Amino acid sequence: MPISYLRAAGTSLVLDARGTGVPVIVHWGADLGDLSAAMLTTLADASVPAIAPSSIDVPLRLTLLPTLAQGWSGRPGISGFRPGLGSPAIDLSLVGVRAGERPAGRAALPGTQTLTLLLADAAAQISVRTDLELSVQGVLRLRHTVTNTSTAAGDAAFELGSLDVILPIPGRAGELLDFTGLWTHERRPQRSILGHGVWSRESRHGRPGHDDSFLMVAGTPGFGFRSGEVWCTHLAWSGDKRAWAENSPLGFSVLGSGELLASGELGVAAGESYSTPWTVAAYSEAGLDGLSARLHPWIRSWSTIKTPRPVVMNTWEAVYFKHDLPTLARLADAGARAGVERFVLDDGWFTNRRDDRRALGDWFVDPVTWPHGLHPLIEHVHAVGLDFGLWVEPEMVSLDSEVARAHPEWVLGGVSESAAGEKAALTWRFQRVLDLGHPKAFAWVLARLTALLTEYPIAYLKWDHNRDLLAGSAHRQTAALYRLIDAVRAAHPGVEIESCASGGARIDLGILERVDRVWTSDTNDPLERQQIQRYTGVLMPPEYLGGHLGAATAHTTGRTSELSFRLATALFGSAGIEWDLTSASAEELGQIAEWITHYKRLRLLLHSGVVVRADPSDPALELHGVVSPDQNTALFAQVALTAPRSALPERMRFPGLAPERRYRVSPLLLGGAPRAIQDAPPAWNAAGGGSNAASPTVDEAAIGSVGGSVTLTGAVLALVGLTAPLLAPEQAALFAVDAVD
Ligand code: DGJ
């Protein structure tokens, strides 16, 4: 099968594996339709370039693993050296192609088309296996496995410098989108023009970091959520990594990604292998929403999370370290009355943990605060109808802890004996990292976690990670982390896990295969959250994205927001509460209970539907929503981030509905009406309705809709839209959309 043609869901890939050279991706992008073998050969032949002046004397091909030996002077696909022998000019040859092997790993399903390429370089004494998969949703996954094929006893390891997945993109994909961020401000989008050279994003945090590039997207200039051709990559890995786009003056553009290895970090011994993390890639001819439309169903196809996602009450911003049974029991009572389903006891429950300066690693219930263990609290939580979750930070250790005092050798980077002049390794949030690569440290923390899960009926672990590693062993630590989570889950298959890293510093598809929720950000400020959720949600389905209703004045920003804005924001994810509800007014408690009732009614839609985002021309305004897969029903939010630039803003256009069907659009009020600056609302949703308003049905009455509604076709709603209420800054209006035909 010298030329392979993979097609799925509007994406196709043509791979030219003729001859013994490293195969070439001739096309990755829009579906090319039915192509005969002869046509594929013609396509592959027609893709061989001319020979440029001042260049190698044969046509330059961009292969799947480009190297200097092929004439490629851009970033190589593989590099390394053998001590004493130097860096070989790696020159791989194709020795085999296999199609139709079983897809590999967890994130793979039947229906996936697979190709396996076998490459070897006898002189460098390495072989490479490349696994390439195209899922039924059109999601492409690739990874390489390098093996040191040297057999002579005592041969040095092959010291891997880099092994990356490099994918071609067309020259017209000249605009880039990737992400940066800070604590409580994750996933800030940044755009750039891809000129000649490399735009590279690197993480050396030992976790992706708050500034994680997250997705590297290249597209036709001006691409948006609903328009433009776009290609993206994401590395499914929770440690150090890099992602880049390169536009070579030679005439090629690529997206590349791989694990970022410290020098000498990864020696592949004779007969041993190293597999890269998977690069997950997608193409869309309909903007970023088109990427989500492939990535979300693919993730859902292998996701094992249980639905419906319960309403969580997390204690962190309610009580911080102030733990006592009466306070926490009252909090659970208030949550239960509002309809909460899960109570998560955050940081502060274990021996001597009174603040963030001590005790990490001493994973025993504090005997002073909890003389009878956590049993009384859990029994109370169960009695009021909630299940129980517990915060842990298994990869960390405080120097002021029993475990660090007993086992300083388990602390990554070591513990100085405080001899004069000796430089102590840096602490971060006053803590250090437990070296999970140390077998005894690993065994100990696994034993503590499983002991807690055995002693207590814990449904859920919030698994935190609050510092960068700042050590050159991110690969070993990340691999051990995955083993640790896998071992915990194997021992306690029922337990759910939320991944948290000071909020959203570890949100990637490597961790997602192992967890049920991610803590999207430490900020509960709805204004920040609108952006963070919007962009995290390009890759991650909303059911994974933890979002909490916080106090009116956000603890992380000091900004005060109205309840309706906080509720409308936390609704579009895995919803919860992180606020001392015992301080809320009776009116607020009633509105929160009503919100939870709606969340429970809407979560099937929100957690299985198609995420859509309009592209309003005014950056002050956003419109996003979720449409059910059968296009029967949808929920939208119009959001005013700041003051609009026109007194009468442009119409709200509702994407994603079936063009020919008729839909009723009705406002949904949660937490009161959003504040609007208008002398009168748009005619169509004035109380009593405009001329086209449908009378409220029993259902609508039940969900509390007020004001008018309007019935129009999906095409009209998408192409013309509706005049918008004039929302004041930091407000959101919700609209329920239901097919009436
Ligand atoms: C950081 C997390 O992101 C917070 O939600 C909270 O769990 C604290 N750690 C606890 O220390």
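Because the structure is a prediction, the values reported are computed rather than measured. We count ligands from 1, going down the list as the structure has it; atoms in each ligand are counted the same way.
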Checklist entry - Can a cation-pi geometry be assigned to Arg187 and Tyr535, taking NZ or CZ under 6.0 Å from the six-membered ring centre and within 45° of the ring axis? => result no
Item to check | Under-4.0 Å salt bridge between Glu543 and Arg603 | outcome: no
For residues 402-409, which side-chain donor-acceptor pairs fall under 3.5 Å, sequence neighbours excluded?
from   : atom 1 : to     : atom 2 : distance (Å)
Glu402 : OE2    : Arg405 : NH2    : 3.1
Arg405 : NH1    : Asp400 : OD1    : 3.0
Arg405 : NH2    : Asp400 : OD1    : 3.4
His407 : ND1    : Glu409 : OE2    : 3.0

Checklist entry - Can you say whether the rings of Tyr456 and His375 are parallel (under 30°), tilted (30 to 60°) or perpendicular (over 60°)? => result tilted
Next on the checklist: Considering only residues two or more places apart or on different chains, which pairs with a residue in residues 559-594 satisfy ring-ring contact (aromatic ring centres under 6.0 Å, His included)?
Outcome noted: Phe572-His624
Which N or O atoms of ligand 1 sit under 3.5 Å from a protein N or O, and how far apart is each pair?
from     : atom 1 : to     : atom 2 : distance (Å)
ligand 1 : 3 (O)  : Gly503 : N      : 3.1
ligand 1 : 3 (O)  : Asp522 : OD1    : 2.3
ligand 1 : 3 (O)  : Asp522 : OD2    : 3.0
ligand 1 : 5 (O)  : Lys462 : NZ     : 2.7
ligand 1 : 5 (O)  : Asp522 : OD1    : 3.3
ligand 1 : 7 (O)  : Asp346 : OD1    : 2.7
ligand 1 : 7 (O)  : Asp346 : OD2    : 3.2
ligand 1 : 7 (O)  : Trp391 : NE1    : 3.2
ligand 1 : 7 (O)  : Lys462 : NZ     : 2.9
ligand 1 : 7 (O)  : Asp464 : OD2    : 3.3
ligand 1 : 9 (N)  : Asp464 : OD2    : 2.7
ligand 1 : 9 (N)  : Asn466 : ND2    : 3.4
ligand 1 : 11 (O) : Asp347 : OD2    : 2.6
ligand 1 : 11 (O) : Arg429 : NH1    : 2.9
ligand 1 : 11 (O) : Arg429 : NH2    : 2.9

Item to check | Pairs involving residues 480-510, ordered by first then second residue, that meet ring-ring contact (aromatic ring centres under 6.0 Å, His included) (sequence neighbours left out) | outcome: Trp237-Tyr482
